[in-house]
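What you are looking at is a predicted structure, and each value in this text was computed from that prediction instead of being measured. Index from 1, following the sequence.
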Amino acid sequence: MEVSVIKKHLTTIVLFALLLILSILSLLIGVLDVELSGLLQGDSEHLEIFLISRLPRLLAILCTGIGMSVAGLIMQQLCMNKFVSPTTGATISSAQFGILLALLFLPNSTLWGRAVFSFVFAILGTWIFVWFIQRIQFKDVVMVPLVGIMFGNVIGGITNYLAYKYEMTQALSTWLVGHFSMVLRGRYEIVWLTVPLVALAFLFANHFNIVGMGKDFSQNLGVPYNFVLFLGLTIAAMITASVVVVVGSISYIGLIVPNLVAMFKGDKIRGILMDTALFGALFVLACDMVGRMVIFPYELPIELIVGIIGSVLFVALLLYRLRHGRKAIRLNRKEGGVA
C-alpha cells in the first residue's frame with residue numbers, strides 16, 4: 001500500500017525535493033556573502049541580511065510561481081482553452097492599468113491603496129475578456145488567446161499613452177518589468193494574498209473542472225455555472241494583481257507551466273493542481289537564480305529570463321497543438337485525463 005502511494009505521488013515528491021534544494025541554494029546566493037554556519041551561530045550581520053532581503057525574496061518567488069501557475073490553470077480550465085492565461089487574457093495589462101490610475105488620482109497612496117486599484121481593474125479586465133470570447137462564434141484554439149493578446153495590447157497602449165501624457169513613465173516602469181531585486185521586508189507582504197487564494201482554488205477545484213466541461217453539463221450536475229465561473233476568474237485576477245503590485249509583470253508562467261504539467265499528468269484540475277503549483281515555484285526560482293548568476297554581481301530581471309524561455313516554449317506548444325490537435329493536452333488520458 002505504501003509503495004503504491006509513493007509511486008502515485010512520485011512526481012510531487014520529486015518536485016518538492018528539488019524545490020527544497022533550490023530554495024536553500026537561493027538563500028545563499030547574492031552580492032553579500034551569507035554563510036549557513038554564520039546563520040547557525042547567530043551572526044547579527046548574516047541574520048539581518050537573511051531576514052530583511054534573502055528570506056522575503058525567496059517567499060515572494062515561491063508565492064509568485066505558485067500563484068501565477070494556479071491562476072493560469074484556473075483560467076485555462078474555465079475558458080476551455082489551453083492557451084489562455086493572465087498573459088494572454090489581458091489580466092496583467094489590466095492590473096498595470098489599475099496601478100497607473102492609482103498613481104494618477106492618488107499619488108500619495110500606499111502600496112495597499114495601489115493594490116486595491118490593481119485588484120479592481122484586473123478583475124474587470126478578465127471578466128470583459130471572458131465575456132467577449134463567450135460571444136465569439138468562431139472559437140479556434142489559437143484565435144481565443146490572440147483576441148486576448150490584442151485586447152491586452154489595447155489596454156497597454158492606453159496605459160502607455162496616459163503615462164507619457166502625465167509624465168508617469170518612470171514611476172510606472174517599476175511594474176512594467178518583473179524583478180525581485182526590490183523585494184524587502186515590509187514591502188512585499190501583499191503577495192501573501194496568493195496563499196489563501198490558492199487554498200480557495202484547491203477547495204473549488206472539482207467545481208472548476210465541471211464548469212470547464214460547459215454550461216449545460218454544469219447545470220445538469222447542479223453546479224451554479226455563472227457563480228463558479230466568476231469566482232474562478234476573480235481568484236485568478238486577484239492572484240495576478242497581487243503579484244504585479246509587488247514584483248511587476250512576469251509573462252508566460254501561467255501559460256507554460258500548466259501546459260507542461262498537463263502533458264504528463266492529464267487534465268483533471270484536482271489531480272494536477274499540486275504539481276502545477278510546485279513546478280511553477282521551481283520554474284520561477286530556477287529562472288531567478290539564473291538571472292542572479294549569469295552576469296554576477298549584477299542581476300537580470302526575472303521577466304527577461306522567463307520571457308526568453310517562455311516565448312520559445314509557447315511557440316513550441318502552439319506548433320505542437322496545431323499539429324496534433326487535442327492530443328497536445330491528453331498525453332496521459334489513460335490515467336484519468338478529463339476534458
Side-chain angles (χ1 to χ4, degrees), residues 61 64-76 79 81-97 122 125-126 129 133 140-157 159-160 172-181 236 239-240 243-244 247-264 276-277 279-295 298-325 328-329 331:
I61 290 170
T64 298
I66 292 171
M68 294 298 288
S69 300
V70 171
L73 179 62
I74 293 172
M75 292 183 69
Q76 290 171 13
C79 296
N81 189 298
K82 283 295 180 179
F83 292 120
V84 174
S85 71
T87 305
T88 58
T91 309
I92 292 178
S93 301
S94 301
Q96 292 172 341
F97 182 63
T126 307
F129 164 70
I133 64 171
D140 184 79
V141 65
V142 179
M143 180 62 68
V144 172
L146 287 180
V147 169
I149 292 172
M150 289 187 289
F151 180 45
N153 286 338
V154 170
I155 297 175
T159 302
N160 289 325
L172 186 65
S173 62
T174 303
W175 291 278
L176 294 178
V177 179
H179 57 90
F180 292 101
S181 58
I239 288 174
T240 304
V243 170
V244 171
V247 180
S249 172
I250 304 181
S251 307
Y252 294 110
I253 300 172
L255 175 65
I256 299 302
V257 172
N259 274 283
L260 292 178
V261 175
M263 288 176 69
F264 296 96
T276 300
F279 184 64
L282 185 65
F283 178 72
V284 176
L285 183 57
C287 289
D288 177 71
M289 293 174 68
V290 171
R292 279 189 277 175
M293 293 186 297
V294 68
I295 55 172
Y298 303 103
E299 179 179 334
L300 291 175
I302 184 71
E303 168 70 4
L304 178 62
I305 306 299
V306 174
I308 293 173
I309 299 174
S311 59
V312 173
L313 291 175
F314 176 65
V315 172
L317 286 170
L318 195 63
L319 294 175
Y320 189 76
R321 180 61 188 262
L322 290 173
R323 177 175 295 182
H324 298 281
I329 60 172
L331 297 184

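Met68 contributes atom CE, which lies 9.0 Å from atom CD1 of Ile239 (distance to the nearest 0.5 angstrom). Here the CE atom belonging to Met289 is positioned 6.0 Å from the CG atom belonging to Leu285, to the nearest 0.5 angstrom. To the nearest 0.5 Å, atom OG of residue Ser69 and atom CG of residue Leu255 are 10.5 Å apart. Taken from OG in Ser85 to CD1 in Ile74, the straight-line distance is 13.0 Å, to the nearest 0.5 Å. To the nearest 0.5 Å, atom CZ of residue Phe180 and atom OG1 of residue Thr64 are 4.0 Å apart. Interatomic distance, Asp288 CG to Leu300 CG, rounded to the nearest 0.5 Å: 10.5 Å.
Ile256 is not listed as a side-chain neighbour of Ile309, based on a closest heavy-atom distance of 4.5 Å or more.
Pairing each heavy atom of Ala281 with each of Ile66, the nearest pair is CB-CG1, 3.8 Å. Taking both residues in full, the closest heavy atoms of Cys79 and Ile133 are given as SG-CD1, 4.2 Å, listed atom of the first, atom of the second, then distance. The heavy-atom pair separating Ser251 from Val306 by the smallest distance is O-CG1, 3.0 Å. Ile253 and Pro258 get closest at one heavy-atom pair: O-CD, 3.6 Å. Across every non-hydrogen atom of Ser94 and Ala122, the tightest pair is CB-CA, 3.8 Å. For Gln96 against Ser249, the heavy-atom pair with the smallest separation is NE2-CB, 3.0 Å.
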For this session: Apply side-chain contact (heavy atoms from CB on, under 4.5 Å) to Phe129 and Val144, showing your working.
Result: CA-CA 10 Å; Phe129 164 70; Val144 172; 4.2 Å; yes
Problem set entry | Working for side-chain hydrogen bond (donor to acceptor under 3.5 Å, both in side chains), residues Thr91 and Thr126 | CA-CA 5 Å; Thr91 309; Thr126 307; 2.9 Å; yes
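A distance-only check finds a donor-acceptor pair linking the side chain of Asn153 to the backbone of Ile149 [under 3.5 Å]. Proximity of a side-chain donor or acceptor of Thr88 to a complementary backbone N or O of Phe83 within less than 3.5 Å is detected. In this structure, the side chain of Thr87 engages the main chain of Tyr252 through a donor-acceptor pair within 3.5 Å. Between the Asn259 side chain and the Lys82 main chain, a donor and an acceptor come within less than 3.5 Å of each other. With hydrogens and angles disregarded, no donor-acceptor distance shorter than 3.5 Å links the side chain of Glu299 to the backbone of Gly291. With hydrogens and angles disregarded, a donor-acceptor distance shorter than 3.5 Å links the side chain of Gln76 to the backbone of Gly254. Judged by distance alone, with hydrogens and angles left aside, the side-chain atoms of Ser311 form a donor-acceptor pair with the main-chain N or O of Ile308 at under 3.5 Å.
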